[in-house]
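First up is the structure itself, then whatever we jot down about it.
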Amino acid sequence: MTAPNALHAPLIIDIGGTALNASDRRRLADPLVGGVIHFARNWQDRAQMSALNAEIKALRSDLLICVDHEGGRVQRFRTDGFTRLPAMRTLGELWMRDPMRATQAAVASGHVLAAELRACGVDFSFTPVLDLDYGESSVIGDRSFHRDPRVVALLARSLAHGLLQAGMANCGKHFPGHGFVRADSHVAIPVDRRSLKAILADDARPYDWLGGTLAAVMPAHVIYPKIDARPAGFSAKWLHEILRGRLGFEGAVFSDDLSMEAARHVQGEQLSYTEAALAALDAGCDLALLCNQSIGDSTVLDDVLDGFAAARRDGRWKPDAGSEARRRSLLPRAPALTWDDLERSPAYCQAAALLPDLS
């Protein structure tokens, strides 16, 4: 079934374990929910993940099933046949020795990543990272392809091509760039004091060059005070004026995880989860991401659903048909191969054969 009267389903939420419980089912059936994000705690093996995702789709066929699965240290599923994917820096290092081999390996990485996830019922991964590797950021680190935005853009385009071969969209992150700052936005509030001219000339260049390639973008929980006092994910200047207006981006915009430390500190004010999600949407995000809030007896997700329903009644939030269309555009358009069929697929086997010596 699909969401009843779905004008806009802006919330991406998580579930607590390896199977749905009554609370999960109730939340996922809410028409305000547009998707679910999985973590390592939701993984047991391929059979379990496939069954879990089949149950989610039986509840709502339009739900977008997501995961952070980039390669290297950010790979949620690592066992029961999943290929160990290389860190993106590995591809950048290969580029310095053999650019054409690096391009080939990036396509292969994207193909394997997407094909394996889709064979288990996952629709979408938040990849590629477009941040530049300045050697300063511990949270980005080897998740970045390279320091040179040209290399980042070309390898990201190749990886996105591989994703597309397996029927998966992509998400460039973290706009306009998280690599320059040392602080980890999971636990602190990073501040990047460079000028707009400097950022657009360097960190944000991949978003300009990949405008026709990127299906989605995730802004950084970073404050750039010379441009706006708000973090980029809460800034209409960054999202409306620069990303959509100046760079011409027309795809979906996800907030980064609103449970992160930097997510709810806006201009000295501590926002509630509902206020943060509403502020992100008001600034130009199409979708608000709320992670790790379904564990135990937390009521955060229920509070946010109630808060959004109240905001809609009060006129503080209006569903956006354009945002909903962009969300639905990220859903796969063709059926996925089963794992058995995948292992017999020449394209997948050729791609997978390129990767063991890279990881």
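The aromatic rings of Phe124 and Phe254 sit parallel to each other, their planes meeting at less than 30°, with 60° as the upper class boundary.
Using modelled atom types and a 3.5 Å distance limit, the side chains of Asp257 and Ser259 yield a donor-acceptor pair. Judged purely by distance below 3.5 Å, without hydrogens or angles, the side chains of Ser144 and Asp131 never pair a donor atom with an acceptor atom.
Among residues at least two apart or in separate chains, ring pair (Phe, Tyr, Trp, His ring centres under 6.0 Å) pairs with a member in residues 78-97 are Trp43-Phe82, His69-Phe82, Phe77-Phe82, Phe82-Trp339. Within the structure, every pair that satisfies the salt bridge (Lys or Arg N to Asp or Glu O under 4.0 Å) test and touches residues 69-81, not counting sequence neighbours, is listed here: Arg46-Asp80, Asp68-Arg76, Glu70-Arg143, Glu70-Lys173, Arg73-Asp142.
No salt bridge links Arg60 with Asp30; every basic N to acidic carboxylate O contact stays at or beyond 4.0 Å. Taking the charged nitrogens against the carboxylate oxygens, Asp123 and Arg327 have no contact shorter than 4.0 Å, which rules out a salt bridge.
Listed by chain and residue number, Pro149, Asp208, Trp209 satisfy the side-chain contact (heavy atoms from CB on, under 4.5 Å) test with Arg205 (two or more places apart in sequence, or in another chain). Listed by chain and residue number, Cys120 satisfy the side-chain contact (heavy atoms from CB on, under 4.5 Å) test with Ser50 (two or more places apart in sequence, or in another chain). Under the side-chain contact (heavy atoms from CB on, under 4.5 Å) criterion, Leu164 pairs with no residue, sequence neighbours left out. Annotation: side-chain contact (heavy atoms from CB on, under 4.5 Å) contacts of Glu275 (sequence neighbours excluded): Leu271, Ser272.
Distance check: Ile199 CD1 to Asp203 CG gives 6.5 Å after rounding to the nearest 0.5 Å.
The side-chain contact (heavy atoms from CB on, under 4.5 Å) test with Ile37 is passed by exactly one of Leu289, Asn42, Leu64: Leu289.
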